[in-house]
Amino acid sequence: MAGEINGTKVLIKKDGSTIVGQMEATVTFNGTPIDISNKSQGDWVTLLDGELAGKQLQIAGTLIYNSDTVYRQVRADALAGTQATYTVEYTSDATTDEAFSATMVPNGLSDALPMGDKVTTSITLLSSGTVTHTAAA
């Protein structure tokens, strides 16, 4: 298949510095369509075109616990509720490169400590305010 990207080509950055560590993540852009239905349109639902309410970018993922400075700062920010600029970049080639950037707060810090296996940290980054999207070429 042409044009596909590999997950290893996706970077998540905090204030321009890459969060180091093996990570699996899901990037979700949420928004709620606005219902403008009225009885003159019968029983059908009509949604406002080109508008969403409650828009938010969420990045949820699991990192292998490590000693990287940026990783440690993200953990501290989650405990304090500190916001910073986070960016997720899809970097494969000119036709698939894409990025989302926003002021975000780390939330839902959770460590898994299995006996005899790697320690992992799960975290969700929640956007606050405008999200900047850089589309693929």
Side-chain angles (χ1 to χ4, degrees):
M1 258 172 69
E4 71 274 2
I5 65 170
N6 184 317
T8 58
K9 303 264 184 166
V10 176
L11 300 175
I12 299 176
K13 298 180 177 184
K14 176 186 184 276
D15 294 329
S17 297
T18 301
I19 301 172
V20 174
Q22 293 179 345
M23 181 177 199
E24 294 183 5
T26 301
V27 178
T28 305
F29 185 81
N30 293 316
T32 305
I34 301 168
D35 187 338
I36 58 169
S37 302
N38 63 54
K39 291 297 176 191
S40 68
Q41 296 160 327
D43 293 334
W44 297 101
V45 171
T46 302
L47 302 175
L48 185 61
D49 186 29
E51 292 290 333
L52 295 172
K55 295 189 281 188
Q56 186 179 50
L57 180 67
Q58 295 182 3
I59 303 170
T62 302
L63 280 149
I64 294 177
Y65 193 95
N66 65 77
S67 62
D68 177 69
T69 304
V70 180
Y71 165 80
R72 293 289 181 184
Q73 188 58 56
V74 171
R75 290 181 60 85
D77 290 352
L79 296 172
T82 304
Q83 297 183 7
T85 300
Y86 287 87
T87 303
V88 59
E89 295 178 351
Y90 302 71
T91 55
S92 185
D93 63 44
T95 62
T96 59
D97 289 359
E98 184 174 9
F100 292 94
S101 185
T103 299
M104 303 183 93
V105 63
N107 185 265
L109 179 70
S110 175
D111 292 328
L113 307 141
M115 177 73 78
D117 202 356
K118 64 186 173 292
V119 174
T120 59
T121 299
S122 295
I123 197 159
T124 300
L125 303 170
L126 304 171
S127 69
S128 175
T130 303
V131 173
T132 302
H133 176 237
T134 305

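Only a predicted model underlies this, so the values are computations on that prediction, with no experimental measurement involved.
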Applying side-chain hydrogen bond (donor to acceptor under 3.5 Å, both in side chains), name anything that partners Q83, two or more places apart in sequence or on another chain.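 Per chain and number, Q83 pairs via side-chain hydrogen bond (donor to acceptor under 3.5 Å, both in side chains) with no residue.
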
Could you state whether [X] and [Y] fall into the same hydrophobic cluster, counting links through intermediate Ile, Leu, Val, Met, Phe, Trp or Tyr residues with side-chain heavy atoms under 4.5 angstrom apart?
| X | Y | value |
| --- | --- | --- |
| L79 | V74 | yes |
| M104 | V10 | yes |
| Y86 | V27 | yes |

Name the residue from L11, L125, I12 that meets the side chain to side chain contact (heavy atoms under 4.5 Å, CB included) definition with V88.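 The single option meeting the side chain to side chain contact (heavy atoms under 4.5 Å, CB included) with V88 is I12.
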
Is any side-chain heavy atom of [X] less than 4.5 Å from a side-chain heavy atom of [Y]?
| X | Y | value |
| --- | --- | --- |
| D111 | R75 | yes |
| D15 | Q73 | no |
| L113 | Y65 | no |
| H133 | E98 | yes |
| V70 | V20 | no |

How close do [X] and [Y] get, heavy atom to heavy atom, and via which atoms?
| X | Y | answer |
| --- | --- | --- |
| I19 | Y71 | CG2-CA, 4.4 Å |
| P106 | T82 | CD-O, 3.4 Å |
| K13 | G16 | CD-O, 3.9 Å |
| I123 | N107 | CG1-O, 3.6 Å |

State whether the side chain of S37 and the backbone N or O of T46 hold a donor-acceptor pair below 3.5 Å, judged by distance alone.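 Looks like yes, one N/O pair under 3.5 Å.
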
With rounding to the nearest 0.5 angstrom, report the CD1 to CE distance, I64 to M23.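 Atom-to-atom, I64:CD1 and M23:CE are 11.5 Å apart.
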
How many angstroms lie between CD1 in I34 and CD1 in I36, if you round to the nearest 0.5 Å?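 If we round to the nearest 0.5 Å, I34:CD1 and I36:CD1 are 9.0 Å apart.
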
Without hydrogens or angle criteria, can the side chains of T87 and S101 be said to hold a donor-acceptor pair below 3.5 Å?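 There is such a pair between these side chains.
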
List the atom pairs, donor and acceptor, that lie under 3.5 Å between side-chain atoms in residues 51-61 and the rest of the protein, sequence neighbours left out.
{"residue": "Q56", "atom": "OE1", "partner": "Q58", "partner atom": "NE2", "Å": "3.2"}
{"residue": "Q56", "atom": "NE2", "partner": "S127", "partner atom": "O", "Å": "3.0"}

Name the orientation class of the two ring planes belonging to F100 and F29 (parallel below 30°, tilted from 30 to 60°, perpendicular beyond 60°).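 Rings of F100 and F29: parallel, as their planes differ by under 30°.
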
